[in-house]
Protein chains: 2
Amino acid sequence: MPRTGLPADQLKKKAIDATLARMRLVGFDKVRLSDVARDIGVSHAALYAHFTDKAALLDAVTAQWLQASHAAAIPVTEGNGTPDGQILEWFVTLYRMKRARAIDDPELYRAFDIASALDKPFVIAHLKSRMDQLSSLVMTAGLADGPDALQTANLLYRATAAFHHPTLIAQTAQDDLEPELRRIVELLLRGIHEHSSSRDQDSCGDPNSRTANL
Amino acid sequence: MPRTGLPADQLKKKAIDATLARMRLVGFDKVRLSDVARDIGVSHAALYAHFTDKAALLDAVTAQWLQASHAAAIPVTEGNGTPDGQILEWFVTLYRMKRARAIDDPELYRAFDIASALDKPFVIAHLKSRMDQLSSLVMTAGLADGPDALQTANLLYRATAAFHHPTLIAQTAQDDLEPELRRIVELLLRGIHEHSSSRDQDSCGDPNSRTANL
DNA sequence: TAAGTTACAAAATATGTAACTTGTAACCAC
DNA sequence: GTGGTTACAAGTTACATATTTTGTAACTTA
């Protein structure tokens, strides 16, 4: 029985919560194990029974925050009926989520940005989950099938980098770029659909002859 | 007659070139006026006869480099006949140029990145010149007219941020993203054209009904 | 007299040192 | 025997001080 009276998972959770609170209070760079330990009533060395090192604790904090504030399954409002509309709302929701977090929780956003740059496994898994969701929407919208769906999803994701990449979000958070995002996603979706329909109906191809030559 | 025997513009040029060489040698952060001055055989104070302050010298260096390595008028190969093809080649050339510079001249690229973040007038002028060129291509391609052309150009520019933003370029320079860029620009151009043609030919609108509802 | 130099003050950076932080091992408590 | 503490060494950060850099004014030179 632990001397603190708490089972391992509860002490671990307590450490993560205390670290999160500290990070918000003093900033990412100033999180100290000794402070966190004091906050939860143990020595700093006791934290090593639960986390490999300081980085592992910070990863656990960031992963929990990511899980809680960036649900991999991005909620898409059910009222927007068309499959293309679902994709558009997915991107808009992602943009709003990202922007809000950058503004409201800058130190945690910073921790996430750093973890992203380091290709941490939990970040990679999170992104994969997100791309899986987008791929599913791509297939539902009839934009592509099978492995092509993931490729199309990646393409859409990169074309909208300005609206979800951490650095760009931080640079533009004070501006509302949602109208531009909507316009770009619409254009991309139309481009994909038109590309498909031009093969099926050549009799309508004439007004698009300039793009057909690309 | 100057004591160095050089007219003002030549000494200025010599200072700029010496600063450029120093920057490449020791890095942006370690450029010292005293070193530059010694390199060209004057005292550091003599540089103030030609530049307002150190920042002005660094700006002059960056502006010259920008002029030389990022010609505002992006060369577009004349062999690619269609107006849309011109736009695509414009973006591809911009991407290649940016990527090459980030890889080959990291310290100067860094200086430019910093100048960009500070909204230096020469950077703003350079970007405006670039957007004017892109607007012109947009109009030639019949994508938009007048003030709408600049809006469309800005939209295309933001949708391709992943391929020319300094931070993103630095993160992905080792990968060749040109095929993705081509695909994205094609889709955007098709989307824009299809948007225009769907208003002119409603009889062809049926296969695109899902996007027409957006 | 234009274009330099020297001298110097204020600002910025580098360096040395003290204090703090992280990680580990021996030991302890329940 | 699990889950802690204490002690300590190595690494990092904070801070004081030394040094360098930047900018300016008085002076000099061609």
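Quick note on labels: first sequence line is chain A, next is B, and so on, each numbered from 1. What you see is a predicted model, and the numbers here were worked out from it, not measured in a lab.
- In this model, the phosphate group of dG4(C) is approached by a side-chain N or O of T4(B) to a distance below 4.0 Å at OP1 or OP2.
- Lacking a ring centre under 5.5 Å from that of the base six-membered ring together with a plane angle below 30°, H44(A) does not count as stacked on dT21(C).
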Test log, rule side-chain contact (heavy atoms from CB on, under 4.5 Å), inputs R158(B) and E180(A) = CA-CA 9 Å; R158(B) 198 177 300 274; E180(A) 278 196 41; 2.7 Å; yes
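- Between T52(B) and Y48(B), the shortest heavy-atom contact is O-CD2, 3.6 Å.
- The phosphate of dT24(C) (OP1 or OP2) has no side-chain N or O of K54(A) nearer than 4.0 angstrom.
- Residue Q151(B) places its CD atom among 12 or fewer non-hydrogen atoms of other residues, nucleotides or ligands, all under 6.0 Å distant.
- Set against dG4(C), dG4(D), dA14(D), the side chain of H50(A) has dG4(D) as its closest nucleotide.
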Run the side chain to side chain donor-acceptor pair (under 3.5 Å) check on Q171(A) and H165(A) step by step: do they pass?
-> CA-CA 10 Å; Q171(A) 285 177 1; H165(A) 188 277; over 6 Å; no
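- Taking side-chain N and O atoms only, R32(B) has no distance below 4.0 Å to OP1 or OP2 of dG23(D).
- Considering every non-hydrogen atom in both R32(B) and K54(B), the closest pair reads NH1-NZ, 4.1 Å.
- Here V36(A) lies out of heavy-atom contact (under 4.0 Å) with every strand.
- Direction of the helix axis in the helix from dT1(C)-dA30(D) to dC30(C)-dG1(D) shifts by 20° between the two five-pair termini, rounded to 10°.
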